[in-house]
Every structure is written in C-alpha cells, then in structure tokens.
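Only one structure is covered here, and it is reproduced in the block below.
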Amino acid sequence: MTYNHKKIEQKFQKVWADKKVFKVSEDAKKKKYYVLEMFPYPSGKLHMGHVRNYSIGDSVARFKRMQGFNVLYPMGYDALGMPAENAAIKNKTNPDKWTKQSMKQMTEQLKQLGLSYDWDRTVATCDPAYYKWNQYVFTKLFDKGLVEKRPAPVNWCPKCKTVLANEQVESGKCWRCKAEVEIKNLAQWFFKITNYAEELLSDIDDKLTEWPERVKTMQKNWIGKSKGVNLKFPIVDSDKVLEMFTTRVDTLWGVTFVVLAPENPLVEELVKGTKYEKDVKEFVKKVVLQDKFERTAENKEKEGLFIGRYAKNPATNEDIPIYIGNFVLMEYGTGAIIAVPTHDQRDFEFAKKYKIPMRVVISPEGHELNPDKMIRAYMDEGVLCNSGEFNGWNNKEAIPAIGEWLEKKGWGERTTQYKLRDWLISRQRYWGTPIPIIYCEKCGAVPVPEKDLPVKLPTDVKFEGKGNPILSSKTFVNTKCPKCKGKAERETDTMDTFVDSSWYWFRYCDPNNIKKPYDKSSVKYWNPVDQYIGGIEHAILHLLYARFYTKATRDLGLHTIDEPFKRLLCQGMVIKDGAKMSKSLGNTVDPKEIINKYGADTARMFMLFTALPEKELEWNEQGVDAVYRFLKRMYMLVEDYKPQATSHKLQALKSRDKYILAKTHSTIGKVTGFIKKFQLNVAISTLMELVTELNKYSKDSKPEVMQEGLEKLALLLSPFAPHLAEYFWEKLGKKDFVSLAKWPEPAKKYLDESFERGETLARKTVTDMRQVRELIGEEKNKTEIFIAPEWKHEVYVGVRAGKQIKDFMQDEKLRKYGKDIAKYVPTLMKRKEQLKETIMSQKEELKVFEESKQWMEEVSGCSITFSKAEDSNDPKAKSADVEKPGILFY
RNA sequence: GCGGGGGUACCAGAGCCUGGUCAAAUGGGUAGGACUUAAGAUCCUAUAGCUUAGUGCUUUCGAGAGUUCGAAUCUCUCCCCCCGCACCA
C-alpha cells in the first residue's frame, strides 16, 4: 500500500462538505474564536502566498476548534478593483463576468486545500448586496461631516488613470502598477481619517498589545504625531502674521531666518510689487513644476531665495529675513518653518549655502560652540545660552516651559501636528462601488437616500481603456435630484477598493442581511477578530483604513467595537531563488501542480514546517519532498498497525512502553505550546520526533500503547495535515471526525520524570541495551556490562561477552552500543547536579547507583547485580584505578 | 538620521524570556550500513576536533568584557546584516 494522497484528500473533502462539518452559528454557551485571513483578490489563480496564508490560518482554526471554541473561519473575495477592469479592456468583456469566473476557479482551488471554512458565509465585494452598505455608510458619514469633496493636489497614476491615496504611493510610484505618480489638482472625495488620528494612534499602544512591534511602529510613524508650538511672527510692514509650527521652541532664540514653502499663498502676497517678485515667481514656478517626489528625494540639494521681507521674532524682537525653500512642504504644518542653522542640519546647510548668519543657543555641557567653526548642526542635548530668561536651562526641560511662556505672552499656541492626511477615496474607474452622490444645480451634492440604494454599476458601458468607463453609460449619469426632483447628474467616481475591505469581517458575521450591513448582536458575539493573518504589505494601508472604518462605523452606532483585530500575524513572503515569486521574474510555482503531485497535506505542511510563519520562506522542492516522505512514513506506520477494537487498558507496562507513553504525552504538551506561540515549524518537528520513536517501537510493541500513541498523533496532526489525520482516525477505528475531536491534554501519570529527563538518550539506550544482549547471545551469564565510577564523577563503562573481552570489542556494533549506554549513564543517574556540586564519597556514589538500579533493569531488560570493579573479569577494568564500586549487568 | 528585527554547526532553522539535563531539536545535504536483481522508497548510524576497551579532553552559538560554582541563554561595549519611514520643521 502506498500513500494515495489524492484518494484520501478527495474523500474527506467530500465528507466534510456533505456533512457541513465546519458550519458554525452563534452559540452563547460556547466561547467564540474568530480566525480571519485577508481575503484574496480573485485573480483566478491561487499563488503560494495564499497557500501559506491559509495554511497558517486553517491550522489555527482547526486547533482552536478542537480545543472546544466556537470558531468562525470564513472566506470571501475582495472582488472589485483594477485587474478585473484591465482584463475586461483587454478581452473586451465585462469585469463582472471575468470576476465571477475567477471566483469560481479560486473557490475550487481553495477547496482542494481542505481549508475548514464555513462556505455558507462567503462574501464578494462586487455583489451589490455587499457594496450597497459601502454606499450606506458613505451617506451616513456624509451626513456626519466625515466625508467631503474638495479640490486638492492629488497623486495621479497615469497608467491606472486614477488618483491614489497617499498611502498608496510608494516612493513616488503607484503601489499597484509601479508607474511614476504625478501631482494634479482635482476635486476629490475624502474620508476624514484625520479626525481619528489621535484615537488611531493612542489605541496602538493601549489596545493592540498583540500586534507585531514593527507594524505598530509603521502605523505610528505614518500617523506621525508631534507636539509643538504654533509660533506667531508678525510680518514687518504688514498686518499679517506668519504662523510656523515647531517642536523645538528651545531654539527660538537661535532663529536667524524663516523659510516658507514655495506654494505658500503668503509668498505671492508678500512679494507683490517688490523687486523680488520676478525672481520669486520664477523660482516658485520651477519648484512647483518639479515633481513632488523628485523634490523631496534623498539628498536633494536645498535651494531657496530671500524674498525681501522680514518677520519679527517676538522673543528677541529681531527682524528675521524670510526665505522660500524647496525643502519646506506646504502640506505639513503651516507650510512655513523657523530656521535655526546651528541646531538643525537642514537649516545649517541652507544657511551655509546662502551665507546666513548663525547663532548658537544650545551648548554641550562644559564648552561653548563657535558658529563659524561648526561643520554641522549641533543636535544633541545641552544647556541654553543666548536665550534670555531661559539661559542655563537644559534644553529638553526648557521646551514645555517655553511653550507655556509663549502662550502666556500670546506669541504662540501649543498644538499637535500629524503627518496623517485624509483618505482620498475617489477613483476614476469603473469596477468599484459607485459613490452615492447626486449633483443637483439647486441642491448641490445630495447623498442618495437609503431606499434608493444600492446605486448599481451601469452595464451599458464601453471598456476602451480611456478615462473612466462609467462616463460612457447613457443611463447612469443623468438622473433626478432626490430632494427637488429636478434634473441632476450622478457622481461617476467610484470608491477606493480599500473601502470594501475595511469592514468585510463584520459582514461575515451576518452575510445575508438585506436590511442592515450586519446585525449588531452577531457582530458583538464574534468580534473582535481574535486572530488576523495576512501579508506585511498591508501594515499601513489596509490595516489603518480598517481600524479607521471600524471606529467611524462604531460612531455611527452600527456596532460597539473599538479595534477590529485583537491579534495580528503578518506572514512572510514566499520566495524562490532569493526573490519574491512573481510572474515578471518567472520564478513562480503553481500550487496546483504541487497539490497534484504531493497533495494538499504536503503543500500545507511544507509551508508550515519550512519557516516560522513571520519569516520569509524559501521555496525548495527538496523540502517539499522531505515533508512528503514524512507523511508517507506516518502513513506506513498507521497502515502496518492493527487497530485495537477493545478499549485499551494500559497495564503491565515495561519501560519501553512507559517510555513511548511518556514521549507521546510530552509531545502533546510541546505541540500545544508551540501552536499557541505560532511556532508551527517547531510543533511539526516535535511530531517528527514522536513518529521516529513510534516507528522504532512499532517493531515490537504493545498494541494498546501503540494505539494510544497513534491516536494522539492523529489528533496532533489534524491542524497541519487534516486529511491524513482524518484517515488515521478512521483507521484507528474511530467513527467521528478527528477535525471535531477534542484536543488532547498530556496525562500526568505518563509523564514519568525519569523517562522525561533522560528521554533523548534513553530512546537510543533502551533499544541498544537489548540489542547488546541479543548480539552477544542467549546465555545471560556470558554477558557482562560493567559501569564503574571513577575518580570524581566520571564513569567507566565496559561491555563484553564471556571471558574473551577482546573478541567482543572487535565487534563494531557492540562497541557502538556500549558507547551509547555509557553516554546515557550520567543522565540515568539523575544526579549530575549533585555530583557537580560536591565530590561524593564512595558510599554516596554507591547509593546513587543503588537507587538507579531498578530503573536500569527496566531499561536494559538485564538483571543487575552490584559488584566491585576489581571483581570484573576485565583486566583493564581491574587496572584502571577502580578500587571503587561498580555495577555489573548480567 | 529615526524606528523595528537579527547574527547558532556544511545549509535552513529551534534553543535565549524561565542559566546547568546543550557539542545544541528538526529537516536538508554528505558519508557509511541494512534491505533490494537494480533503482527508488524505507530503516539504522555518523556528521566541531582529538582520543579511548569504556570514559574523556579541547575548542565552539558575530567580537570582547562582566555577573555566576556554571553562560548560546543574563548585563555592558563593539562589529556586521536585514527591513520599514525619511528634507515632517
């Protein structure tokens, strides 16, 4: 019999499906556990990253289910988005058709993996019944003022022909197609995520205690909170006041110039009619035309210009020259900065270039800095000088004090700045949720009333790859105003697809609700998601949006959840030949082929065994093969075993039996621990150890013990290789599903300390000692193994047969066994620690051996008598300074 | 620059939190053996160095120092690598 993975896997996939084994429903009596994987974009083909993601998720789901939790483990499709639309353009079909076809294919592939989803809860975001609720929430947020349309410089991807949110621009390139992003000024819809900046930030530390550190840091950086002061410098010869944000009020006395962003509207005003106007305008034009990303690129040389005006630093009463500079960004703070060249590297470079004077206001303890001799800004801590009444303060300690002082004087206000920008959700594409807004000449932008939702995507659309296809629909755009019934036009922008994925896990809780996005109580029962699993690439984008949307919909009263994902795992990438698997590199491996050749169990187990979930996984066919062999080995083990129909009583146990039981039960403990810690690879390696032991044991086993070992093995294997485990379970005479069986607990009575302790060496020795006897012969009296303690805590071990020790020693096998036994002795004695602490007297040593005697007899299957080493027949033993007691095994 | 994570035997990768049972799991590779007509599969053994009849000894977990009876594990310093963010005032 060989391991026929296809037959086994098909069989159990069918049974699981037929009997709806993994269907769940709310059950107030049971503790719930929600395992969620980032749902895939239905490209039509599963890739290895998916397989990895879902293998991890499924093993957690199965583990928790067996532990008695009511496990919600759903799957769906993030079905709206560009690829479908591009495919439609390419094939001149409809995205809807293409997407549905893809979803079908993917579902089939997912089912082949044997994932324990509740398929009755599937959702697809392209379903109007789903995106209706995007629109519903949009209109509610609109009413609340959390949505707004406004013109803004936006990131425009010329290839996708749509705008992108800030988060979707990666070093100047489109996150999806990698095309260079351009900046355009357009009127766009925004979700006011910035209103939630503070909560999004503070909850990271307060509530996301089980998130990976690096994701939390990335989010914190992205939100980018800084506390500081909005300084107010009156502009000389003007009634205008220049506002500038700074976190470093301690350097206020060192300000020798200020810099405005070239786009700052004040600039034009200030230079109007002066001799500087022409130069300034030219410079502004040059910089603004320059790509935003080019401008802010690394090591970009600082450039700027004096604009001929001054502002008064109220702290020093000095007139400070105003510059404009390319390194100042309009979109952060007030688009203007104070410049302290002595204590800020950028200002330093700028000042050096334009020969602006500098003044030191912070000195390192003990010596004075000379601004003329500085080669770089001094940014460390120090003592304030030239700073009026704050002279002598530590600069860090002075910051709050100066802030307060400025506020009192009315020269500034303490404020907080965030880097986070509002979430731009408009997309000029077809395959997304239509934004439910109607423009009426009289009433303005009017949200579509709930009764008219969903606003469905038009079907009379041409896909030609130019502009927004929705514009080509005759029936869509023209409509009536819901308020005044007058002539009106629909918004043709659709929503960013990240909106779709910002609440799908709530929908899983109540996927068929037609009256509401979801039932409040269902959401309350299942949420928050206990374990969320997905790629690190969503560390900011999706995870930040999802957190925001959760808070926003909570405030709409739709549910009461603050944070959607309790615990997060970001699995590593699957790589091959040192690079991420990708079509363009041609280093992809199709999961389908692997499943065909080796089976789903192997594919899944390989994913789990080869690397820690968070780490990169290097694809390696040899490794796949190794896992396959392991499964096969287990298969053979079970196949060769004759199940015990009777309820087994574990009695009359020999040491080997006890050892196997101890091993089995310690494995239960370890595997459970490792799964909890997500060290799935280690969990599997522990199983491998057990299998090796069972394999050895199987040659001469006590059936009840074997049954116990194999049963536990099947249970422990179930999260990783569910089909095979299910097969084993059946083989072992069980009538139910191992997938629904109770997760085992290690039984204390089998965890005999003496077996536990010396486990590793014992497993060899136990068999080795028996084999020594077998090899040497039946006549017990001719066999002699001696172990004699030497000086201090070392031990002599000798093995020989009869009187002819030389004959015996020439036998290589026996020498090896002897060696192993010898290795085991210190462990066996259980007294290594004591032996190390004190040099024991001979009597004590003897006692140690005495205590161990019984155990050793069991282990070796030999009877043991004590004798003195000098009584040994071995001349070497006699001579080797062994006047001390020893043990002879006969 | 700021932040996060690392450096373990031929390779991958556990062990570090909770110090001793660690020459250090597991898998791969390599070598030898059993089985086989053969191949494959399977099984066994070895795999830092030296040495023994047996034990043992020396050197090892990025480098150095420290704490300790005892350090891969704890502390400090240094070196190196990877990954995020980055002219954010």
Side-chain angles (χ1 to χ4, degrees), chain A residues 2 171 212-218 220-222 224 226 228 244-248 251 259 295-302 325-329 331-340 344-347 349-350 379 417-419 536 539-540 609-612 614-616 618 620 622-623 625-627 629-630 632-633 636 670 674 679 681-682 684-689 692 695-696 699 756-761 764 785-788 790 794-800 805-806 808-810 812-816 818-823 825-827 830 832-833 836-837 874-877 880:
Chain A
T2 50
S171 51
E213 217 44 56
R214 71 173 164 153
V215 175
K216 292 203 277 184
T217 322
M218 280 162 85
K220 279 187 208 164
N221 285 344
W222 190 262
S226 32
M244 290 166 295
F245 178 74
T246 183
T247 53
R248 294 290 307 271
T251 62
V259 191
R295 183 174 142 201
T296 56
E298 218 177 330
N299 306 327
K300 178 75 189 171
E301 175 145 8
K302 282 153 197 55
N326 63 345
F327 67 103
V328 178
L329 309 170
E331 59 267 37
Y332 184 76
T334 57
I337 61 161
I338 56 166
V340 186
D344 182 290
Q345 189 57 27
R346 292 156 297 171
D347 301 347
E349 285 167 32
F350 194 85
M379 320 246 271
Q417 280 287 338
Y418 298 91
K419 281 195 251 179
I536 185 75
I540 295 172
F609 175 65
T610 306
L612 215 59
E614 296 93 329
K615 297 206 171 156
E616 272 184 359
E618 171 84 40
N620 173 354
Q622 212 165 42
D625 208 62
V627 170
R629 286 205 303 268
F630 170 59
K632 204 152 62 173
R633 215 178 306 148
M636 296 307 288
K670 284 184 196 166
F674 288 132
Q679 297 189 314
N681 55 339
V682 191
I684 293 170
S685 82
T686 312
L687 281 181
M688 286 172 167
E689 279 182 66
T692 308
N695 224 345
K696 283 184 188 164
K699 281 165 199 127
E756 260 275 88
R757 282 203 154 194
E759 196 179 282
T760 319
L761 280 163
K764 288 177 187 160
I785 304 168
F786 76 88
I787 302 176
E790 206 218 355
E794 277 115 37
V795 181
Y796 276 119
V797 173
V799 187
R800 65 194 187 106
I805 189 161
K806 276 180 188 167
F808 162 65
M809 280 310 167
Q810 276 161 7
E812 244 191 65
K813 235 184 232 170
L814 285 175
R815 280 172 64 177
K816 264 180 202 160
K819 208 171 161 183
D820 278 334
I821 294 164
K823 269 191 195 168
V825 168
T827 319
K830 296 199 285 181
K832 197 166 177 185
E833 284 160 53
K836 274 192 170 175
E837 270 170 26
D874 181 358
K876 283 206 180 177

Point to revise | Separation between the C1' atoms of B:U68 and B:C76, rounded to whole Å | key: 16 Å
Provide a list of protein-nucleic acid N or O atom pairs under 3.5 angstrom, restricted to nucleotides 7-13 of chain B.
none

Of B:C85, B:G4, B:C44, the nucleotide closest to the side chain of A:Lys419 is B:C85
Rounded to the nearest 0.5 Å, the CD1 atom of A:Ile338 sits from the OG1 atom of A:Thr251 at a distance of 4.5 Å
Taken in chain and number order and not counting sequence neighbours, the residues that satisfy side-chain hydrogen bond (donor to acceptor under 3.5 Å, both in side chains) with A:Arg346 are A:Asp344
In whole angstroms, the gap separating P of B:A89 from CD of A:Gln417 amounts to 9 Å
Across every strand shown, the nucleotide meeting Watson-Crick or G-U wobble geometry with B:C78 (both distances under 3.5 Å) is B:G62
Contacts of A:Gln679 and A:Thr686 projected onto RNA chain B by closest heavy atom; the upstream (5') one is A:Gln679
Side-chain contact check for A:Arg346: nearest option of B:G5, B:A89, B:C88 is B:C88
Winner on side-chain proximity to A:Thr247, out of B:A89, B:G84, B:G27, is B:A89
Atom CZ of A:Phe630 and atom P of B:C43 are separated, to the nearest Å, by 11 Å
When rounded to the nearest 0.5 Å, the distance separating NZ of A:Lys670 from CD of A:Gln679 is 13.0 Å
Using the P atom in both, what is the distance from B:U55 to B:G66, to the nearest Å?
35 Å
OG1 (A:Thr246) and CD (A:Gln417) are apart, to the nearest 0.5 Å, by 11.0 Å
Next on the checklist: Between B:U60 and B:C10, how many Å separate the two P atoms, rounded to a whole number?
Outcome noted: 15 Å
If pairing means Watson-Crick or G-U wobble with both distances under 3.5 Å, then the partner of B:U42 is B:A34
Sorted by chain and residue number, the side-chain hydrogen bond (donor to acceptor under 3.5 Å, both in side chains) partners of A:Ser226 (sequence neighbours excluded) come out as A:Tyr332
Problem - Spacing of the C1' atoms in B:C82 and B:C87 (rounded, Å) - result: 25 Å
Exercise. Counting any heavy atom closer than 4.0 Å, what does A:Tyr418 reach on the DNA or RNA strands: base, sugar-phosphate only, or nothing?
Worked result: nothing
Separation between the C1' atoms of B:G49 and B:A9, rounded to whole Å:
13 Å
Filtered N/O pairs between nucleotides 28-30 of chain B and protein, under 3.5 Å:
from	atom 1	to	atom 2	distance (Å)
B:G28	OP1	A:Arg629	NH2	2.5
B:G28	O2'	A:Gln622	OE1	3.0

- Message: Could you tell me how far B:U75 sits from B:G19 if I compare only their C1' atoms? Round to whole Å.
- Response: 13 Å
Pairing partner of B:U47, by Watson-Crick or G-U wobble and under 3.5 Å for both distances, is B:G29
Separation of B:G27 atom P from A:Glu689 atom CD, nearest Å, is 8 Å
Taken in chain and number order and not counting sequence neighbours, the residues that satisfy side chain to side chain contact (heavy atoms under 4.5 Å, CB included) with A:Gln345 are A:Phe348, A:Glu349, A:Arg376, A:Ala377, A:Met379
The answer to which of A:Thr692 and A:Asp347 contacts RNA chain B further toward the 5' end, by nearest nucleotide, is A:Thr692
Paired to B:U68 by Watson-Crick or G-U wobble criteria (both distances under 3.5 Å) is none
In whole angstroms, the gap separating P of B:A86 from NZ of A:Lys220 amounts to 17 Å
Against the side chain of A:Phe245, the closest entry in B:A89, B:C87, B:A25 is B:A89
Whole-Å distance, A:Phe609 CZ to B:A25 P, equals 13 Å
Separation of B:G84 atom P from A:Arg214 atom CZ, nearest Å, is 9 Å
For A:Arg248, the side-chain hydrogen bond (donor to acceptor under 3.5 Å, both in side chains) test, sequence neighbours excluded, returns A:Asp250
Minimal heavy-atom distance between A:Phe609 and A:Val627, with the atoms involved, is CD2-CG2, 4.0 Å
Beyond-backbone contact of A:Asp347 with A:Phe327, side-chain heavy atoms, under 4.5 angstrom | yes
Short side-chain N/O contact to B:C43 OP1/OP2 from A:Asn695, under 4.0 Å:
yes
A:Leu329 CG to B:A89 P, in whole Å, measures 10 Å
Taken to the nearest whole Å, CD/A:Glu614 to C1'/B:G6 is 13 Å
For nucleotides B:C57 and B:A23, find the distance between their P atoms and express it as a whole number of Å. 11 Å
Re B:C2: Watson-Crick or G-U wobble partner, both distances kept under 3.5 Å, found to be B:G84
When both distances are under 3.5 Å in a Watson-Crick or G-U wobble arrangement, the nucleotide paired with B:G19 is none
Residues at least two apart in sequence or cross-chain that pass salt bridge (Lys or Arg N to Asp or Glu O under 4.0 Å) with A:Arg214, listed by chain then number, are none
With sequence neighbours left out, the residues meeting salt bridge (Lys or Arg N to Asp or Glu O under 4.0 Å) with A:Lys615 are none
Of the candidates B:C88, B:U26, B:G15, the side chain of A:Met688 sits closest to B:U26
Sequence neighbours excluded, the answer for side chain to side chain contact (heavy atoms under 4.5 Å, CB included) partners of A:Asp625 is A:Tyr598, A:Arg629
(Q) With rounding to the closest Å, how many angstrom separate the C1' atoms on B:U8 and B:A71? (A) 14 Å
With the side chain defined as heavy atoms from C-beta on, A:Tyr332 is closest, among B:G27, B:C88, B:A25, to B:C88
